[in-house]
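Working notes, beginning with the structure itself.
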Amino acid sequence: MRKGLILLWGGILVSLALLSLLVFYSLSPPEISSKTLTYFEQAQVEKGQAYAQVRYISFAAGQALTLLVLSAVVVLFFHRGWAPLAGANPYLQVMAYALLLFVFMAVVSLPLDFYRGFVLEHRFGFSTQSMGAWFADYGKGFIVNTVLTVAMFAGLYLVLRICPLNWPLVGAGAFVLFIALQAWLWPLFIDPLFHKFEPLSPGPFKDRVVELAASAGIEVGDVLVMDASRQTTKVNAYFTGVGQTKRIVFYDNLLRDFSQWEAELVVAHEIGHWKHHHIALGMLLGTGGALLFFMLYRIVLAGYGAQAGHPATVPLLLLFMTVFSLLLMPVQNTVSRAFERQADRTSIELTGDAAGAVAMSANLAVRNLADVQPHPFIRSLLFTHPPTVERIAAFEELAGREKP
Ligand SMILES: [Zn+2]
C-alpha cells in the first residue's frame with residue numbers, strides 16, 4: 001500500500017527538485033569557451049543564451065504548475081470523495097472527467113503558453129503572426145489535442161476495465177497501436193489543418209534529393225515544402241509518417257534563405273533517420289516505456305486502494321503520466337541524441353561534405369538563436385539534439401581536420 005504513495009509523491013518531489021535545478025542552471029549560464037568563440041561571435045552566443053534562459057525557466061514553471069494543480073485535484077478527489085459525472089455509464093464518466101480536467105489545465109496554462117508562443121517569439125523577432133492568427137492556431141491545436149486525449153482516455157479505460165488483471169501488457173500493446181495509427185494518419189489529417197504543403201518543385205535540387213536517397217538504398221517518399229513562414233522566421237526540416245505517409249518536410253524559409261548545398265546536407269540528415277529506421281525504433285522504445293509506466297501505475301493505484309478502471313482515477317492517471325514523462329525525459333533525450341548523431345554521420349557519408357556541415361550547423365544555430373553550449377545538466381534533461389558545438393566537433397572529426 002505504502003509503496004504506491006511513496007512512488008507517486010516521491011516522484012513529484014524528485015520532479016520538482018529537477019525543475020528547481022533547471023531554473024538554477026538557467027540563471028547562471030556557463031562561461032563561453034574559446035572553442036565556441038572560434039565559430040560564433042560573443043554577442044551571438046549571448047543572445048542565444050538569453051532566448052534559451054526564458055524558455056527553460058518558463059518550461060520549468062509550466063511543468064511545476066501542472067504538477068501542483070493536478071496534485072491538488074488528486075488530493076481533493078481521494079480525500080473529499082468524487083461526484084459521478086455524466087450519468088452512470090463509466091466510459092461517459094471517464095470522458096467527462098478527462099474533458100473537464102483538460103479544459104481546466106488549458107485555462108490554467110494559457111497565460112504561460114501565450115507568453116512562450118507569442119510574446120517571446122515576437123520579442124526575439126521570430127514570429128510573423130498577428131495575435132488573432134496566433135489564437136486561431138492555438139484554438140485549433142487545443143481542439144485537436146482535446147479530442148485525441150479524450151479518445152485516448154476512453155480507449156485506455158476500455159482496456160483497464162475489460163482486462164482487470166493483465167492490463168499493463170494489453171495497455172502497452174494498445175499504446176503502440178495508438179501511436180502507430182497516429183504516426184500514419186497525422187500527416188494526412190492533422191498537419192494540413194495548420195499548414196499548406198506543396199511538393200518540392202522539379203529541378204536540380206529535387207533530382208539531387210532523389211539521388212541522395214538512392215545512394216542510401218532508399219526509395220524516396222514525398223518531399224514537401226511547408227509554409228512555415230506564415231508563423232515564424234526559424235528554419236528547419238523534419239521527417240514524419242510511416243508506410244505510405246512517410247515524407248520529408250522542408251520549411252519554406254530554409255529553401256528560400258539557405259544555399260542548395262546546405263539544404264542537401266539537411267535532406268541527407270533526414271535520409272539518415274530514414275535509413276536507420278528511427279521512427280520504428282522510437283515506437284518500439286515507446287512501447288517499452290508504456291509497459292514500464294503501466295507496471296508502476298499499478299503500484300500507485302494499489303497505494304490508493306483504487307480500481308484501475310474507476311472513472312475517479314482519471315486525475316491520478318494524468319498526474320502520474322506527467323511525473324513519469326518528466327523523469328523519463330533524460331533517458332528519452334539520450335536516445336534521441338544518439339539517433340541524431342547517427343543521422344549526422346549518414347549525412348556526411350552521403351554528401352562527403354563535412355566541412356560544409358560545420359558551416360551549415362553554425363548558420364542554422366545563428367539563425368534559430370540556438371543555445372550552442374548549454375550546461376551539461378540542461379543538455380541531458382532537455383536537448384533532443386546534440387548542442388551545436390558538439391555537432392561541429394563531430395563533423396570536424398569526420399572531416400579529419402585539425403581541431404582549432
Ligand atoms: Zn534529426
Spatial distance of atom OG1 (Thr66) from atom CG (Leu70) [nearest 0.5 Å]: 6.5 Å
Any donor-acceptor N or O pair under 3.5 Å, side chains Gln342, His273: no
Verdict with supporting geometry, Gln53 and Gln49, side chain to side chain donor-acceptor pair (under 3.5 Å): CA-CA 6 Å; Gln53 185 178 63; Gln49 284 179 333; over 6 Å; no
Verdict with supporting geometry, Thr384 and Glu340, side chain to side chain contact (heavy atoms under 4.5 Å, CB included): CA-CA 8 Å; Thr384 55; Glu340 295 301 334; 6.0 Å; no
Any donor-acceptor N/O pair, Asp353 side chain to Gly356 backbone, under 3.5 Å: yes
N/O donor-acceptor pair under 3.5 Å between Arg161 side chain and Gly309 backbone: yes
Stepwise side chain to side chain donor-acceptor pair (under 3.5 Å) test for His276 and Thr346: CA-CA 9 Å; His276 298 291; Thr346 306; 2.9 Å; yes
Under 3.5 Å donor-acceptor, Arg337 side chain and Gln332 backbone: no
Test item: Thr245 and Leu185 side chains (from C-beta on) under 4.5 Å apart, heavy atoms: no
Which atom of Lys140 lies closest to which atom of Leu193, heavy atoms considered: NZ-O, 2.7 Å
Any side-chain heavy-atom pair of Glu198 and Leu224 under 4.5 Å: no
Check: Asn333 main-chain N/O paired with Ser336 side-chain donor or acceptor under 3.5 Å: no
Ser130 side chain to Ala133 backbone, donor-acceptor under 3.5 Å: yes
Side-chain ion pair, Arg379 and Glu390, N-O less than 4.0 Å: yes
Donor-acceptor side-chain pairing of Thr388 and Tyr39 below 3.5 angstrom: no
Within-4.5 Å side-chain heavy-atom neighbours: Gln231 and Ser127: no
Asn368 side chain to Ala370 backbone, donor-acceptor under 3.5 Å: no
Near-ring test Tyr97/Phe104, centroid separation under 6.0 angstrom: no
Main-chain N/O of Asn236 paired with Asn253 side-chain donor or acceptor, under 3.5 Å: no
Flag side-chain contact, heavy atom, 4.5 Å: Arg230 against Gln129: yes
Exercise: do Arg391 and Ser361 side chains pair donor with acceptor under 3.5 Å: no
Spacing of Ser215 atom OG and Glu349 atom CD [to the nearest 0.5 Å]: 10.0 Å
Atom pair CG (Leu301) and CG (Leu317), whose distance is rounded to the nearest 0.5 Å: 8.0 Å
Phe383 to Pro374 - nearest heavy-atom pair and separation: CZ-CG, 3.5 Å
Asp191 and Trp186: side chain donor to acceptor below 3.5 Å: yes
Worked verdict on Tyr157 versus Met95 for side chain to side chain contact (heavy atoms under 4.5 Å, CB included): CA-CA 10 Å; Tyr157 274 79; Met95 288 198 275; over 6 Å; no
Phe320 and Phe293: CA distance, side-chain angles, deciding distance, ring-ring contact (aromatic ring centres under 6.0 Å, His included) verdict: CA-CA 9 Å; Phe320 193 58; Phe293 171 79; 5.4 Å; yes
Member of Glu121, Arg123, Glu46 meeting the side-chain hydrogen bond (donor to acceptor under 3.5 Å, both in side chains) criterion with Tyr51: Glu121
Main-chain N/O of Ala228 paired with Asp252 side-chain donor or acceptor, under 3.5 Å: yes
Side chain to side chain contact (heavy atoms under 4.5 Å, CB included) assessment of Trp274 paired with Lys246: CA-CA 9 Å; Trp274 220 330; Lys246 69 178 179 183; 2.7 Å; yes
Separation of Asp137 CG from Phe118 CZ (nearest 0.5 Å): 11.5 Å
Distance-only donor-acceptor check, side chains Thr146 and Thr149, under 3.5 Å: no
Distance flag, aromatic centroids of Phe114 and Tyr138, threshold under 6.0 Å: no
SB check Arg55 Asp371 (cutoff 4.0 Å): no
Stepwise side chain to side chain contact (heavy atoms under 4.5 Å, CB included) test for Met329 and Leu382: CA-CA 7 Å; Met329 252 169 78; Leu382 295 181; 3.3 Å; yes
Short side-chain donor-acceptor distance under 3.5 Å, Asn363 and Glu262: yes
Pairwise side-chain contact, Phe40 with Ile32, heavy-atom cut-off 4.5 Å (strictly under): no
For the student: nearest non-hydrogen atoms of Ala308 and Leu160, plus distance: O-CD1, 3.3 Å
Residue pairs fulfilling side-chain hydrogen bond (donor to acceptor under 3.5 Å, both in side chains) with at least one residue in residues 12-28, sequence neighbours excluded: none
Between CG on residue Asp113 and CZ on residue Phe142, distance to nearest 0.5 Å: 11.0 Å
Contact summary for Ala64 and Leu19, nearest pair of heavy atoms: N-CD1, 3.7 Å
Spacing of Lys206 atom NZ and Ser201 atom OG [to the nearest 0.5 Å]: 8.5 Å
Side-chain heavy atoms of Thr233 within contact of Thr128, under 4.5 Å: yes
ring-ring contact (aromatic ring centres under 6.0 Å, His included) between Tyr251 and Phe258, intermediate numbers included: CA-CA 11 Å; Tyr251 280 25; Phe258 278 56; over 10 Å; no
Side-chain touch Val267/Arg208, heavy atoms, less than 4.5 angstrom: no
Atom OH of Tyr238: over 12 foreign heavy atoms under 6.0 Å: yes
Check: Arg247 side chain, Gly241 main-chain N or O, donor-acceptor pair, under 3.5 Å: no
Enclosure of Gln244 CD (heavy-atom neighbours >12, cutoff 6.0 Å): no
Closest approach of Ala216 to Ile271 (non-hydrogen atoms, all atoms of both residues): CB-CG2, 3.7 Å
Test item: Lys35 and Gln373 side chains (from C-beta on) under 4.5 Å apart, heavy atoms: no
Greater than 12 external heavy atoms within 6.0 Å of Trp184's CH2: no
Asp227 side-chain N/O to Lys196 backbone N/O, donor-acceptor pair under 3.5 Å: yes
Closest contact, heavy atoms only, Ala268 versus Thr351: CB-CG2, 3.7 Å
